[in-house]
Participant: 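Below is one structure. I have some questions about it.
Chain letters run A, B, ... following the sequence lines, proteins first and then strands; every chain starts at 1.
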2 protein chains.
Amino acid sequence: MTISEVSKKYGLTPDALRYYERLGLIPGVRRSKSGFREYSEEDCRWIEFIKCMRGAGLPIEVLSEYVALFRQGDSTVEARRRLLVEQREQLLARIGEMQETLARLDFKISFYDEVLSVAEAGLK
Amino acid sequence: MTISEVSKKYGLTPDALRYYERLGLIPGVRRSKSGFREYSEEDCRWIEFIKCMRGAGLPIEVLSEYVALFRQGDSTVEARRRLLVEQREQLLARIGEMQETLARLDFKISFYDEVLSVAEAGLK
DNA sequence: TTAAACCCTGGAGCGTGCTCCAAGTCAAGC
DNA sequence: GCTTGACTTGGAGCACGCTCCAGGGTTTAA
C-alpha cells in the first residue's frame, strides 16, 4: 500500500505517518526502488496499534521505546511486559480521574436541568 | 489566601494560577492594596473545579467560555448547560476509547505472561 | 534598616505532537 | 516528450499549556 492509501485507511495524515516512522514507531517500512514507501500488512498492524495507543494518550517516546524493545527480539519480552503494565496503570488512573469528572459534569447538568424546569414552571 | 497557599492546596504552580486568571478561568480575584492576590473561598471552589476539568482534558478555551457565560448571569443558564452537555459527551467518548485501549493492553500483557510462563516451564 | 522571602507584570521559552512547505524525484496518461 | 499528480527529505512553523525569567515593588523578621 502507498502512504496515501494507509493514510485514508487509518485516518492519519501522510505527514503523521512519516513523523511516526522517523521517531521509530513504525519499524521497517520497505521502499520501492524509487524510494516510495510500500506498507505491508504487518506495517498496517503496527500503525493500527500505534494509532490506538496514541488515541489513549500514550506518549510517543514510550511507544518508540516499546518498538525498539520489540526489534531487539525475544530477550526483551520481560521489559516489554513491564512497559505495558506501567502504561496500563497510568491509563487506568487517567480513566478513573475522567470518570470522576464525568460524574461531576452529570451532577452539574442535572442541576441546570432543575433550574431550567423551575424557570419554565414559573412562566406558566 | 495568598497565591502560594492556594498553589500548595491544589497542587498548581503560582504561574499556572496566574495564567488561568489571565485567560479568564478564575473570575474576580481580589487584590490587597499593594496588588497581591487574595483568594476567597469562592475563588478556591473555582480553582478546584478548573483543576478537575483540566485534569480530564477539557480545553482552556472551553472553560474560559463557561466562566464568561457564568459571569453574564442567569440569562446564560441554557447556554452553560449546552456547553457542559457537549463536553460531557466528548469526555464519555474519550473514556470509551481509553477503555478499549485498556482492554487491549490487558490482552497483550496476558499474552506476555503466557510467553514468560512457557519460557520458565521450558527451563525446568 | 536591611536581608530574605514573597508578590507583581509582561513577555520569552519550552515540550509535545504534529502540520506545512520548498525543492526535487518519480509515475501514469495523453 | 510532457504534464499532472503523488512521493521524497529536511526543516520550519504552529497550537496548546504551561513554565521561567527579568525587573521591580512589598512584607517580615532579625
Side-chain angles (χ1 to χ4, degrees), chain A residues 1-26 28-40 43-44 46-67 87 90-91 94 97-98 101, chain B residues 1-26 28-40 43-44 46-67 87 90-91 94 97-98 101:
Chain A
M1 296 180 85
T2 68
I3 197 166
S4 72
E5 284 165 348
V6 173
S7 163
K8 275 161 203 153
K9 186 167 178 184
Y10 294 106
L12 294 166
T13 66
D15 273 321
L17 287 169
R18 284 188 280 254
Y19 176 69
Y20 287 166
E21 188 179 337
R22 209 163 45 231
L23 299 195
L25 272 69
I26 309 164
V29 179
R30 290 198 183 279
R31 302 303 183 98
S32 73
K33 61 172 180 278
S34 52
F36 289 17
R37 287 172 182 80
E38 291 181 325
Y39 293 92
S40 68
D43 295 334
C44 286
W46 271 112
I47 288 162
E48 197 271 324
F49 173 69
I50 292 297
K51 188 197 172 178
C52 177
M53 296 298 136
R54 285 290 309 125
L58 274 71
I60 283 180
E61 202 187 337
V62 169
L63 296 172
S64 154
E65 195 187 333
Y66 180 77
V67 173
Q87 294 306 309
Q90 292 187 16
L91 183 52
R94 284 204 301 278
E97 194 182 351
M98 289 166 83
T101 303
Chain B
M1 299 180 83
T2 68
I3 197 168
S4 71
E5 285 164 349
V6 174
S7 163
K8 276 160 204 156
K9 185 167 180 182
Y10 295 106
L12 295 167
T13 66
D15 272 321
L17 287 168
R18 284 187 281 254
Y19 176 70
Y20 286 167
E21 189 180 336
R22 211 163 42 233
L23 299 195
L25 272 68
I26 309 166
V29 178
R30 289 197 185 279
R31 301 304 183 97
S32 75
K33 63 171 179 279
S34 52
F36 290 16
R37 287 171 181 80
E38 292 182 324
Y39 292 93
S40 68
D43 295 335
C44 286
W46 271 112
I47 288 161
E48 197 270 327
F49 172 69
I50 292 298
K51 187 195 173 179
C52 177
M53 296 299 135
R54 285 290 308 125
L58 274 72
I60 283 181
E61 202 186 336
V62 169
L63 295 172
S64 153
E65 195 187 333
Y66 180 78
V67 173
Q87 294 306 310
Q90 292 187 17
L91 182 53
R94 285 203 302 278
E97 194 181 351
M98 289 166 84
T101 303

Participant: Whether the side chain of Asp15(B) and the base of dC18(D) hold a donor-acceptor pair under 3.5 Å is what I'd like checked.
Facilitator: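 No such pair is found, so the answer is no.
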
Participant: Whole angstrom is fine here: how far is it from OH in Tyr20(A) over to C1' in dG17(C)?
Facilitator: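 Rounded to whole Å, this separation is 8 Å.
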
Participant: Identify whether any heavy atom of Ser4(B) sits under 4.0 Å from a base atom; if not, whether one sits that close to sugar-phosphate; answer base, sugar-phosphate or nothing.
Facilitator: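 It contacts sugar-phosphate atoms only.
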
Participant: Counting only N and O atoms by type, is there a donor-acceptor contact under 3.5 Å from the side chain of Lys51(B) to the main-chain atoms of Leu12(B)?
Facilitator: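 A pair under 3.5 Å: no.
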
Participant: Taking the nucleotide of DNA chain C with the nearest heavy atom to each, does Leu58(A) or Ser34(A) sit closer to the 5' end?
Facilitator: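 Going by which nucleotide is closer to the 5' end, it is Leu58(A).
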
Participant: Please check the phosphate of dT16(C) (OP1 and OP2 only) for any side-chain N or O of Arg54(A) closer than 4.0 Å.
Facilitator: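 The answer is no; no side-chain N or O of Arg54(A) sits under 4.0 Å from OP1 or OP2.
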
Participant: Considering every strand and a 4.0 Å limit on heavy-atom distances, what is the contact class for Arg18(B): base, sugar-phosphate, or nothing?
Facilitator: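 It contacts base atoms.
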
Participant: Of the listed nucleotides (dT19(C), dG17(C), dT19(D)), which one gets closest to any side-chain atom of Pro59(A)?
Facilitator: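 Minimum distance to the Pro59(A) side chain belongs to dG17(C).
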
Participant: For Thr13(A), report the nucleic acid contact type (base, sugar-phosphate, nothing); a contact means any heavy atom under 4.0 Å.
Facilitator: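 Sugar-phosphate, backbone atoms only, no base.
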
Participant: Give the rounded distance in Å between these two atoms: CZ of Arg37(A) and P of dC26(C).
Facilitator: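 Spelled out: CZ on Arg37(A) to P on dC26(C) is 15 Å.
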
Participant: Counting only side-chain N and O atoms of Ser32(A), is one of them less than 4.0 Å from OP1 or OP2 of dC7(D)?
Facilitator: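 False: Ser32(A) side-chain N/O out of range (4.0 Å or more) of dC7(D) OP1/OP2.
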
Participant: Could you work out which one of dT8(D), dT19(D), dG17(D) sits closest to the side chain of Arg31(A)?
Facilitator: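 From the listed options, dT8(D) comes nearest.
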
Participant: Side chain of Phe36(A) only, please: which of dG17(D), dC7(D), dC18(D) is the nearest?
Facilitator: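 So the side chain of Phe36(A) is nearest to dC7(D).
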
